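Read the structure below first, then the notes.
Since this is a predicted model, take the numbers as computed values, not measurements. Reckoned from all heavy atoms, side chains included, excluding hydrogens, waters and symmetry mates.
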Amino acid sequence: MSVAHYYETMDYGPAPEADGEARAWLKKHGAVFGHFIGGEFVAPNGGKHLTTIEPANGNTLARIAQGSAADVEAAVGAAREAQPLWAQLGGHGRARHLYAMARMLQRHSRLFAVLEAIDNGKPLRETRDLDVPLAARHFLHHAGWAQLQERELADQVPLGVVGQIIPWNFPLLMLAWKIAPALAMGNTVVLKPAEFTSLTALLFAELAAQAALPPGVLNVVTGDGTTGASLVDHPGVDKIAFTGSTEVGRLIRQATAGSGKSLTLELGGKSPFIVFDDADIDGAIEGVVDAIWFNQGQVCCAGSRLLVQEGIAETFRKRLIRRMETLRVGSPLDKAIDMGAVVAPVQLERIKSLVETGVNEGAEKYQAAAALPQQGCFYPPTLLWNVQPSSTVAIEEIFGPVLVAMTFRTPDEAVMLANNTRYGLAASVWSETIGLALDIAPKLLAGVVWINATNLFDAGVGFGGYRESGFGREGGREGIYEYLKPKAWSQRKPRAEAPVPSGTTAGAGFEIPPIDRTAKLFIGGKQARPDGNYARTVLSPKGKQLGEVGEGNRKDIRNAVAAARAAEAWPKSTAHNRAQILYYLAENLSTRRDELGTRIAAMTGLPNAKAKAEVDASVERLFSYGAWADKYEGAVHMPPLRGVALAMHEPIGVVGVACPDEAPLLGFISLVAPLIAVGNRVVVIPSERHPLAATDFYQVLETSDVPAGVVNIVTGNRNGLVKVLAEHDDIDALWVFGSKEASAAAERLSVGNLKRTLVDHGFALDWNERAASEGPILLRHAVQVKNIWIPYGD
């Protein structure tokens with residue numbers, strides 16, 4: 001062949017990467033691996049192994065240990081023993097270890113890149129140019145956080161032992177995302193890699209030990225899903241961090257409910273890729289290639305739903321199909337290919353089945369004509385055009401190199417189609433009108449939005465989803481907090497349950513009684529009778545009847561949620577406006593100091609002076625959140641590219657709140673105020689024992705310009721109403737402060753829509769202690785962070 005031929009055709013010959021060093025490492029271990037526990041490889045307790053294959057050819061690659069409950073016990077024990085010493089090492093000491101791990105990754109970068117390509121099937125170009133450098137970047141970035149921890153995070157302490165379960169699509173990169181922040185903050189780790197792709201985790205653990213990481217700080221237990229389940233269930237684990245499918249995420253949420261374990265879930269996605277008619281079409285098409293055919297589409301945030309404005313749809317389709325014909329599929333070690341192999345036969349069959357379903361439901365199928373290798377798990381780049389929004393392939397995550405496309409007419413329709421999914425992980429917006437792009441980005445229910453770009457990641461920028469894409473963030477300052485707990489909460493004691501008073505019957509007299517004040521529910525800005533027309537008696541500590549409140553039920557909660565959902569203007573209002581209303585609430589509450597103080601004293605038995613002090617503290621707390629309303633802001637991240645990432649604090653939506661019995665007014669205000677300050681709407685269950693403080697407070701709400709539906713109050717049995725709130729799929733988050741049983745129910749029953757939860761597991765807070773109950777300690781849970789990436793320049 002002549003140079004002219006290659007110049008004219010742009011054909012590439014194979015450019016294979018040598019794999020000798022990776023094969024030699026496998027041979028050194030006899031291609032058989034145990035777990036890595038306490039700084040060394042150990043044989044599995046039951047002696048069982050799993051076989052892992054090369055996706056590109058189906059050949060056996062290695063045998064890895066099948067972890068048992070005994071193996072998990074040994075790993076957790078090693079981590080538990082090492083954790084106090086690792087935390088005591090201090091931020092600088094840990095920073096030096098993380099720096100050494102980053103340098104170790106860089107020194108052995110080609111070995112990691114080749115082993116990852118062999119084990120996973122992804123192209124070497126991706127492992128070499130993205131996975132390994134970004135993994136090293138995570139360790140370098142978090143070495144910096146370790147160094148700064150004692151100054152920047154002095155009010156936080158490590159969680160302890162962290163169990164981490166990672167998927168097969170980015171084995172090494174997910175390892176870095178999980179391990180680096182956990183170790184930086186003083187935790188120790190038990191890592192369970194995916195059964196298909198465990199080799200780079202074992203290599204990393206071995207080389208980290210050689211780089212002097214202390215034994216027990218990092219432990220790797222391999223195996224299938226039963227191994228992961230043993231790790232999730234182990235009582236010695238303080239946190240579970242999971243990346244994987246939404247279905248498994250639900251199981252983990254149920255398994256950890258009531259255990260006190262911290263939990264972060266990074267789950268599935270069906271991310272929209274929105275192209276407006278003023279977009280750079282060729283640039284957007286290259287973005288599509290990166291969005292869906294990168295890593296064979298096996299990316300949780302893959303731009304798998306293409307939304308194209310009608311005016312350019314046909315032009316876009318033709319150019320995209322032409323570009324598909326140039327994509328090369330082949331051996332992962334060939335540096336000239338664009339797509340490698342799907343990870344396993346079972347995944348390949350799932351992709352084929354879903355594509356067939358899409359065609360049967362009316363989609364037009366286009367596939368690249370390039371020949372596929374005869375062996376291995378390969379699938380061609382695929383486009384399904386003219387897909388209906390209700391089609392299976394538009395709803396379900398395919399997790400393969402399959403793009404589904406539909407059109408839209410207006411920006412509003414684009415947003416509706418984009419948000420027409422139960423997921424909310426990422427989105428891409430393509431428009432040369434930056435004002436349009438930045439108008440659309442906040443309207444998308446996704447944790448990450450890329451403007452005229454896709455699949456941008458960095459250790460300094462948070463990543464994570466909304467809705468059924470999970471909760472929690474990885475990367476950036478927001479990701480650091482996932483591996484810490486407030487120092488002020490670490491010393492809490494179990495709540496002491498006060499004895500329930502017995503009602504007394506006073507002798508009837510002939511004096512004129514006070515006018516009966518009927519305390520109703522407060523829904524949609526109005527006092528409302530309970531649906532069931534039942535009431536519950538409120539007693540003093542000595543059993544004297546103080547009044548009655550409505551007994552709320554499921555329909556009352558449903559009405560309250562509907563009212564809250566209808567108050568959609570509240571999150572769109574300015575932070576300044578919300579601040580003014582909070583100040584106004586404080587002003588009007590202060591005028592009722594004596595009345596509410598007397599009410600609190602009667603319900604709780606507190607001296608009048610202390611009861612009035614609670615009202616004063618509540619006024620002050622409203623002032624604090626009036627101050628925070630326009631000051632709890634996001635950040636501008638500076639990732640290593642020409643551009644910025646805006647970390648925007650967004651309200652979660654409609655939040656259910658269950659208040660404790662202690663400090664019935666101050667506890668109520670301390671939980672409601674941070675939520676509404678940042679734009680949430682709330683459905684509140686006040687103190688079950690002392691609800692009259694809240695029913696008196698709604699008269700303050702009525703006179704303080706609080707829009708209807710922003711605060712809704714339903715009195716009644718806390719545990720029963722918490723169950724209703726947890727099961728309600730139109731509630732986005734649930735805060736429960738009260739009994740241990742209510743906390744467990746909130747976590748267990750929230751799996752329907754995977755709502756975010758903040759619970760106290762029956763541990764009491766001192767609501768007068770600002771460090772424990774005021775400011776960022778609660779505001780962090782009142783928002784979700786959306787990172788909007790804005791590259792600029794040519």
Tell me which pairs pass salt bridge (Lys or Arg N to Asp or Glu O under 4.0 Å) where either residue lies in residues 734-759, with sequence neighbours left out. R253-E747
Please give me the minimum heavy-atom distance between [X] and [Y], naming the atom from each residue.
{"X": "W489", "Y": "A772", "result": "NE1-O, 2.7 Å"}
{"X": "A427", "Y": "S271", "result": "N-CB, 4.5 Å"}
{"X": "P691", "Y": "P686", "result": "CB-CG, 4.4 Å"}
{"X": "P791", "Y": "A453", "result": "CG-CB, 3.8 Å"}

Taking only residues two or more places apart in sequence or in another chain, which ones pass salt bridge (charged side-chain N to carboxylate O under 4.0 Å, His left out) with D766? none
For E620, salt bridge (charged side-chain N to carboxylate O under 4.0 Å, His left out) partners two or more places apart: R770
Determine whether the side chains of [X] and [Y] contain a donor N or O and an acceptor N or O closer than 3.5 Å.
{"X": "E482", "Y": "T264", "result": "no"}
{"X": "S469", "Y": "K270", "result": "no"}
{"X": "Y625", "Y": "E774", "result": "no"}
{"X": "E478", "Y": "N787", "result": "yes"}

Is the distance between the ring centroids of F463 and W177 less than 6.0 Å? yes
[X]: which residues meet the ring pair (Phe, Tyr, Trp, His ring centres under 6.0 Å) condition with it, sequence neighbours left out?
{"X": "Y483", "result": "none"}
{"X": "F668", "result": "F697"}
{"X": "F139", "result": "F204"}
{"X": "F737", "result": "W767"}

Is the shortest side-chain heavy-atom distance between [X] and [Y] below 4.5 Å?
{"X": "L734", "Y": "V655", "answer": "no"}
{"X": "V710", "Y": "V682", "answer": "no"}
{"X": "V706", "Y": "W570", "answer": "no"}
{"X": "D732", "Y": "Y466", "answer": "no"}
{"X": "T421", "Y": "R467", "answer": "yes"}
{"X": "I788", "Y": "I451", "answer": "yes"}
{"X": "L778", "Y": "L758", "answer": "yes"}
{"X": "P664", "Y": "E614", "answer": "yes"}

If only atom types and distance count, is the side chain of R492 paired as donor or acceptor with the main-chain N or O of A764 below 3.5 Å? no
H142 side chain vs H138 backbone, donor-acceptor pair below 3.5 Å: yes
Taking atom [atom1] of [X] and atom [atom2] of [Y], what is their separation to the nearest 0.5 Å?
{"X": "L675", "Y": "L779", "atom1": "CG", "atom2": "CG", "answer": "8.5 Å"}
{"X": "N712", "Y": "N559", "atom1": "CG", "atom2": "CG", "answer": "10.0 Å"}
{"X": "I713", "Y": "L701", "atom1": "CD1", "atom2": "CG", "answer": "5.5 Å"}
{"X": "S704", "Y": "L585", "atom1": "OG", "atom2": "CG", "answer": "4.5 Å"}
{"X": "R621", "Y": "N768", "atom1": "CZ", "atom2": "CG", "answer": "7.0 Å"}
{"X": "L754", "Y": "Y423", "atom1": "CG", "atom2": "OH", "answer": "10.0 Å"}

Taking atom [atom1] of [X] as the centre, report whether more than 12 heavy atoms of other residues, nucleotides or ligands fall under 6.0 Å from it.
{"X": "E769", "atom1": "CD", "answer": "yes"}
{"X": "E568", "atom1": "CD", "answer": "no"}
{"X": "K631", "atom1": "NZ", "answer": "yes"}

R780 NZ/CZ over Y481 ring centroid, <6.0 Å and within 45° of normal: yes
Stepwise side-chain contact (heavy atoms from CB on, under 4.5 Å) check, V561 with I731: CA-CA 7 Å; V561 173; I731 290 179; 3.7 Å; yes
R137 bridged to D458 by N-O distance under 4.0 Å: yes
Flag the pair E474 and K178 as a salt bridge only when some basic side-chain nitrogen lies within less than 4.0 angstrom of an acidic carboxylate oxygen. yes
Tell me which pairs pass ring-ring contact (aromatic ring centres under 6.0 Å, His included) where either residue lies in residues 643-664, with sequence neighbours left out. Y632-H649
Just to verify, which of D238, V237, I252 counts as forming a side chain to side chain contact (heavy atoms under 4.5 Å, CB included) with K261? V237
Does anything in residues 715-724 pair up under side-chain hydrogen bond (donor to acceptor under 3.5 Å, both in side chains), and if so which pairs, sequence neighbours excluded? N719-S739, K723-E727
With sequence neighbours excluded, give me every side-chain hydrogen bond (donor to acceptor under 3.5 Å, both in side chains) pair touching residues 675-686. none
Before giving the answer on salt bridge (charged side-chain N to carboxylate O under 4.0 Å, His left out), spell out for R473 and E266 the whole-Å C-alpha distance, their side-chain angles and the decisive distance to 0.1 Å. CA-CA 8 Å; R473 292 294 181 266; E266 197 265 280; over 6 Å; no
From CA spacing to verdict: side-chain contact (heavy atoms from CB on, under 4.5 Å), D730, V654: CA-CA 8 Å; D730 208 22; V654 175; over 6 Å; no
Apply side-chain contact (heavy atoms from CB on, under 4.5 Å) to T243 and I166, showing your working. CA-CA 5 Å; T243 297; I166 59 175; 5.5 Å; no
Under 3.5 Å, which donor-acceptor pairs do the side chains of residues 437-450 form with other protein atoms, sequence neighbours left out?
unit_1: D439; atom_1: OD2; unit_2: K443; atom_2: NZ; d: 3.1
unit_1: W450; atom_1: NE1; unit_2: L456; atom_2: O; d: 3.1

Checking side-chain contact (heavy atoms from CB on, under 4.5 Å) for the pair L263/F471: CA distance, chi angles, key distance, verdict? CA-CA 8 Å; L263 178 64; F471 45 79; 4.0 Å; yes
Of D696, T695, T604, which meets side-chain hydrogen bond (donor to acceptor under 3.5 Å, both in side chains) against R599? D696
Would you mind writing out the side-chain donor-acceptor pairs for residues 143-159 within the sub-3.5 Å range, not counting sequence neighbours?
unit_1: W145; atom_1: NE1; unit_2: H141; atom_2: NE2; d: 3.1
unit_1: Q147; atom_1: OE1; unit_2: H92; atom_2: ND1; d: 2.9
unit_1: Q149; atom_1: OE1; unit_2: R94; atom_2: NH2; d: 2.4
unit_1: Q149; atom_1: NE2; unit_2: M185; atom_2: O; d: 3.3
unit_1: E150; atom_1: OE2; unit_2: G91; atom_2: N; d: 2.8
unit_1: E152; atom_1: OE1; unit_2: R477; atom_2: NH2; d: 3.1

